[in-house]
Amino acid sequence: MIDLALIGLTRFIVGGQARWTGSLPEMRQRIYFANHSSHLDTLLIWSALPRGLRPSTHPIAAADYWGKGIVRRHIGVKVLNGVLIERSTQGPPGAALAPLRNVLSEGESLILFPEGSRGSERLPGPFKSGLYWLSQEFPDVQLVPTYLDNPSRAFPKGTFLPVPISCTVRFGPPLVRHAGEEKDAFLERARAAVSALAPDSLG
(Lines give C-alpha, C1' and ligand atoms only; values in the text may rest on other atoms or scores of the structure.)
Protein backbone atom coordinates (compact mmCIF):
# COMPACT_ATOMS: atom_id res chain seq x y z
CA MET A 1 0.00 0.00 0.00
CA ILE A 2 2.87 2.39 0.73
CA ASP A 3 4.19 2.04 -2.81
CA LEU A 4 0.80 2.84 -4.33
CA ALA A 5 0.40 5.87 -2.07
CA LEU A 6 3.88 7.10 -2.99
CA ILE A 7 3.20 6.65 -6.70
CA GLY A 8 -0.14 8.41 -6.38
CA LEU A 9 1.47 11.33 -4.57
CA THR A 10 4.24 11.58 -7.16
CA ARG A 11 1.80 11.62 -10.04
CA PHE A 12 -0.42 14.16 -8.28
CA ILE A 13 2.45 16.61 -7.64
CA VAL A 14 4.75 16.23 -10.65
CA GLY A 15 2.89 13.98 -13.09
CA GLY A 16 5.61 11.55 -14.08
CA GLN A 17 3.78 10.41 -17.21
CA ALA A 18 5.44 7.68 -19.28
CA ARG A 19 6.11 8.10 -22.99
CA TRP A 20 7.21 4.94 -24.80
CA THR A 21 8.83 5.79 -28.15
CA GLY A 22 10.57 2.88 -29.82
CA SER A 23 10.13 0.39 -26.99
CA LEU A 24 7.21 -1.12 -25.09
CA PRO A 25 6.67 -1.90 -21.39
CA GLU A 26 7.39 -5.60 -21.81
CA MET A 27 8.14 -8.28 -19.26
CA ARG A 28 11.80 -8.80 -20.18
CA GLN A 29 15.15 -8.19 -18.55
CA ARG A 30 16.44 -4.67 -19.10
CA ILE A 31 18.76 -1.94 -17.96
CA TYR A 32 16.95 1.39 -18.08
CA PHE A 33 19.68 4.04 -18.18
CA ALA A 34 18.80 7.70 -17.68
CA ASN A 35 20.00 11.24 -17.12
CA HIS A 36 20.32 12.25 -13.47
CA SER A 37 19.47 15.67 -12.09
CA SER A 38 17.37 15.17 -8.94
CA HIS A 39 16.69 12.86 -6.00
CA LEU A 40 13.25 12.57 -7.59
CA ASP A 41 14.65 10.66 -10.60
CA THR A 42 14.52 7.19 -9.05
CA LEU A 43 10.92 7.58 -7.94
CA LEU A 44 9.84 9.04 -11.29
CA ILE A 45 11.14 6.13 -13.38
CA TRP A 46 9.91 3.47 -10.98
CA SER A 47 6.46 5.09 -10.85
CA ALA A 48 6.32 5.34 -14.65
CA LEU A 49 6.77 1.58 -15.07
CA PRO A 50 3.63 -0.58 -15.17
CA ARG A 51 2.82 -2.23 -11.85
CA GLY A 52 3.70 -5.69 -13.17
CA LEU A 53 7.29 -4.66 -13.97
CA ARG A 54 8.13 -2.99 -10.66
CA PRO A 55 8.79 -6.11 -8.52
CA SER A 56 11.57 -7.26 -10.90
CA THR A 57 13.04 -3.80 -11.55
CA HIS A 58 15.63 -2.42 -9.13
CA PRO A 59 16.68 1.24 -9.08
CA ILE A 60 20.32 1.81 -8.26
CA ALA A 61 20.49 4.40 -5.50
CA ALA A 62 23.31 6.12 -3.64
CA ALA A 63 23.65 4.78 -0.10
CA ASP A 64 24.82 8.17 1.18
CA TYR A 65 21.33 9.55 0.40
CA TRP A 66 18.80 6.70 0.33
CA GLY A 67 20.59 4.83 3.11
CA LYS A 68 20.35 7.70 5.59
CA GLY A 69 17.67 7.43 8.26
CA ILE A 70 15.14 4.68 8.89
CA VAL A 71 12.34 6.21 6.79
CA ARG A 72 14.44 7.05 3.73
CA ARG A 73 16.16 3.66 3.78
CA HIS A 74 12.81 1.87 4.10
CA ILE A 75 11.46 3.75 1.08
CA GLY A 76 14.62 3.18 -0.97
CA VAL A 77 15.04 -0.53 -0.24
CA LYS A 78 11.65 -1.92 0.79
CA VAL A 79 9.23 0.28 -1.13
CA LEU A 80 11.20 1.16 -4.28
CA ASN A 81 12.97 -2.22 -4.42
CA GLY A 82 16.27 -0.38 -4.73
CA VAL A 83 19.88 -1.53 -4.54
CA LEU A 84 22.06 0.79 -2.49
CA ILE A 85 25.54 1.51 -3.83
CA GLU A 86 28.44 2.96 -1.87
CA ARG A 87 29.87 5.56 -4.23
CA SER A 88 33.12 5.63 -2.25
CA THR A 89 33.70 1.86 -2.49
CA GLN A 90 37.41 1.03 -2.34
CA GLY A 91 38.88 -1.96 -4.12
CA PRO A 92 39.73 -3.26 -7.58
CA PRO A 93 38.14 -1.67 -10.67
CA GLY A 94 34.47 -2.66 -10.96
CA ALA A 95 34.11 -3.64 -7.30
CA ALA A 96 31.16 -1.27 -6.87
CA LEU A 97 29.29 -3.15 -9.63
CA ALA A 98 29.03 -6.37 -7.60
CA PRO A 99 25.47 -5.71 -6.30
CA LEU A 100 24.36 -4.84 -9.84
CA ARG A 101 25.84 -8.04 -11.24
CA ASN A 102 23.96 -10.00 -8.57
CA VAL A 103 20.66 -8.48 -9.68
CA LEU A 104 21.30 -9.18 -13.35
CA SER A 105 22.50 -12.71 -12.62
CA GLU A 106 19.10 -13.39 -11.03
CA GLY A 107 17.31 -12.36 -14.21
CA GLU A 108 16.02 -9.06 -12.83
CA SER A 109 16.20 -5.56 -14.31
CA LEU A 110 17.99 -2.36 -13.27
CA ILE A 111 17.43 1.39 -13.37
CA LEU A 112 20.84 3.01 -13.74
CA PHE A 113 22.11 6.59 -13.85
CA PRO A 114 25.42 6.35 -15.75
CA GLU A 115 26.51 9.90 -14.93
CA GLY A 116 27.04 8.73 -11.36
CA SER A 117 26.01 12.00 -9.74
CA ARG A 118 23.38 14.65 -10.38
CA GLY A 119 23.97 17.19 -13.13
CA SER A 120 22.47 20.63 -13.62
CA GLU A 121 22.27 20.65 -17.42
CA ARG A 122 19.29 19.68 -19.58
CA LEU A 123 21.32 16.98 -21.33
CA PRO A 124 23.36 14.31 -19.56
CA GLY A 125 27.07 14.70 -18.98
CA PRO A 126 29.73 12.05 -19.71
CA PHE A 127 28.80 8.52 -18.68
CA LYS A 128 30.94 6.48 -16.32
CA SER A 129 32.07 3.03 -17.41
CA GLY A 130 29.65 0.86 -15.39
CA LEU A 131 27.03 0.64 -18.12
CA TYR A 132 29.66 -0.53 -20.59
CA TRP A 133 30.98 -3.32 -18.37
CA LEU A 134 27.49 -4.55 -17.51
CA SER A 135 26.51 -4.54 -21.18
CA GLN A 136 29.56 -6.67 -21.96
CA GLU A 137 28.97 -9.15 -19.15
CA PHE A 138 25.22 -9.50 -19.77
CA PRO A 139 24.79 -9.26 -23.56
CA ASP A 140 21.20 -10.59 -23.52
CA VAL A 141 19.93 -7.78 -21.30
CA GLN A 142 18.14 -5.09 -23.31
CA LEU A 143 19.47 -1.55 -22.89
CA VAL A 144 16.70 1.09 -22.84
CA PRO A 145 17.67 4.80 -22.89
CA THR A 146 15.43 6.90 -20.68
CA TYR A 147 15.08 10.67 -20.46
CA LEU A 148 13.67 12.56 -17.47
CA ASP A 149 12.18 15.92 -18.31
CA ASN A 150 12.02 18.63 -15.59
CA PRO A 151 12.90 16.75 -12.34
CA SER A 152 15.61 19.26 -11.38
CA ARG A 153 13.02 22.05 -11.57
CA ALA A 154 10.44 20.02 -9.67
CA PHE A 155 12.89 19.08 -6.90
CA PRO A 156 15.86 21.49 -6.91
CA LYS A 157 18.93 20.85 -4.81
CA GLY A 158 18.54 21.99 -1.24
CA THR A 159 14.74 21.75 -1.15
CA PHE A 160 12.80 19.47 1.19
CA LEU A 161 9.68 18.86 -0.91
CA PRO A 162 9.02 18.81 -4.68
CA VAL A 163 7.04 21.61 -6.31
CA PRO A 164 4.16 21.04 -8.78
CA ILE A 165 6.03 21.12 -12.10
CA SER A 166 5.04 18.51 -14.66
CA CYS A 167 7.67 15.83 -15.33
CA THR A 168 7.78 13.26 -18.12
CA VAL A 169 9.65 9.95 -18.39
CA ARG A 170 10.56 9.06 -21.99
CA PHE A 171 11.62 5.50 -22.83
CA GLY A 172 13.43 5.23 -26.17
CA PRO A 173 14.33 2.43 -28.59
CA PRO A 174 16.76 -0.18 -27.22
CA LEU A 175 20.44 0.59 -27.75
CA VAL A 176 21.91 -1.85 -30.27
CA ARG A 177 25.26 -3.38 -29.33
CA HIS A 178 28.10 -3.25 -31.86
CA ALA A 179 30.60 -6.11 -31.81
CA GLY A 180 34.04 -5.00 -30.70
CA GLU A 181 32.96 -1.45 -29.92
CA GLU A 182 35.40 0.47 -27.75
CA LYS A 183 34.27 1.62 -24.31
CA ASP A 184 34.43 5.36 -24.99
CA ALA A 185 32.52 5.04 -28.26
CA PHE A 186 29.82 2.93 -26.60
CA LEU A 187 29.39 5.35 -23.71
CA GLU A 188 29.13 8.35 -26.01
CA ARG A 189 26.58 6.55 -28.15
CA ALA A 190 24.57 5.62 -25.03
CA ARG A 191 24.68 9.24 -23.83
CA ALA A 192 23.53 10.43 -27.26
CA ALA A 193 20.61 7.95 -27.16
CA VAL A 194 19.39 9.54 -23.92
CA SER A 195 19.96 13.08 -25.23
CA ALA A 196 17.95 12.29 -28.37
CA LEU A 197 14.86 11.79 -26.19
CA ALA A 198 14.95 15.37 -24.86
CA PRO A 199 11.87 17.33 -26.09
CA ASP A 200 13.88 19.75 -28.26
CA SER A 201 15.67 16.81 -29.87
CA LEU A 202 12.40 15.11 -30.73
CA GLY A 203 11.27 18.10 -32.74
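The aromatic rings of Phe127 and Phe33 sit perpendicular, their planes meeting at an angle over 60°, well past the 30° parallel limit.
Note: Leu100 CG to Ile31 CD1 = 8.0 Å, rounded to the nearest 0.5 Å. For the atom pair OG1 of Thr57 and CE of Met27, the computed distance is 8.0 Å after rounding to the nearest 0.5 Å. Between atom CH2 of residue Trp20 and atom CD of residue Glu26 there is a gap of 8.5 Å, rounded to the nearest 0.5 Å. Distance check: Ile111 CD1 to His58 NE2 gives 10.0 Å after rounding to the nearest 0.5 Å. Here the straight-line distance linking atom CD of Gln136 with atom OG of Ser129 works out to 11.5 Å at 0.5 Å rounding. In this structure, the separation between NE2 on His36 and CD1 on Ile60 is 11.5 Å, given to the nearest 0.5 Å.
The closest donor-acceptor contact from the side chain of Gln29 to the backbone of Leu104 lies under 3.5 Å. The backbone N or O of Val141 sits nowhere less than 3.5 Å from a side-chain atom of Arg28 that would complete a donor-acceptor pair. Not one N or O on the side chain of Arg170 forms a donor-acceptor pair closer than 3.5 Å with the backbone of Asp149.
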**Prompt:** Between Leu148 and Phe113, is a side-chain contact (heavy atoms from CB on, under 4.5 Å) present by the stated rule, with each step listed?
**Reply:** CA-CA 11 Å; Leu148 299 164; Phe113 301 101; 4.1 Å; yes
**Message:** Determine whether Asn35 and Glu115 satisfy the following criterion, side-chain contact (heavy atoms from CB on, under 4.5 Å), listing intermediate values before the conclusion.
**Reply:** CA-CA 7 Å; Asn35 56 311; Glu115 291 170 275; 3.8 Å; yes
**Asked** Are Thr21 and Leu197 close enough, and set up right, to give a side-chain contact (heavy atoms from CB on, under 4.5 Å), and what steps lead you there?
**Response** CA-CA 9 Å; Thr21 56; Leu197 297 173; 3.9 Å; yes
**Message:** Walk me through whether Val169 and Arg19 qualify under side-chain contact (heavy atoms from CB on, under 4.5 Å).
**Reply:** CA-CA 6 Å; Val169 183; Arg19 299 285 185 269; over 6 Å; no
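Within the 4.5 Å cutoff, side-chain heavy atoms of Pro174 are placed close to those of Ser23. No side-chain heavy atom of Arg30 sits less than 4.5 Å from a side-chain heavy atom of Leu143. Here the side chains of Val144 and Gln142 are in contact, with some heavy-atom distance below 4.5 Å.
Across all their heavy atoms, Pro59 and Thr42 have their closest contact at CB-CG2, 3.3 Å. Closest heavy-atom contact between Glu181 and Tyr132: O-OH, 3.6 Å. Shortest non-hydrogen contact noted between Ser109 and Val103 is O-CG1, 3.8 Å. Residue Leu53 comes nearest to Pro25 through the heavy atom pair CD1-C, 4.0 Å, listed as atom of the first residue, atom of the second, then distance. Residues Ser47 and Arg54 approach most closely at O-NH2, 3.7 Å, considering heavy atoms. The two residues Pro124 and Ser195 have their closest heavy-atom pair at CD-OG, 3.4 Å.
Phe138 pairs by the ring pair (Phe, Tyr, Trp, His ring centres under 6.0 Å) definition with nothing, not counting sequence neighbours.
Checked against a 6.0 Å centroid threshold, the rings of Tyr32 and Phe171 count as neighbours.
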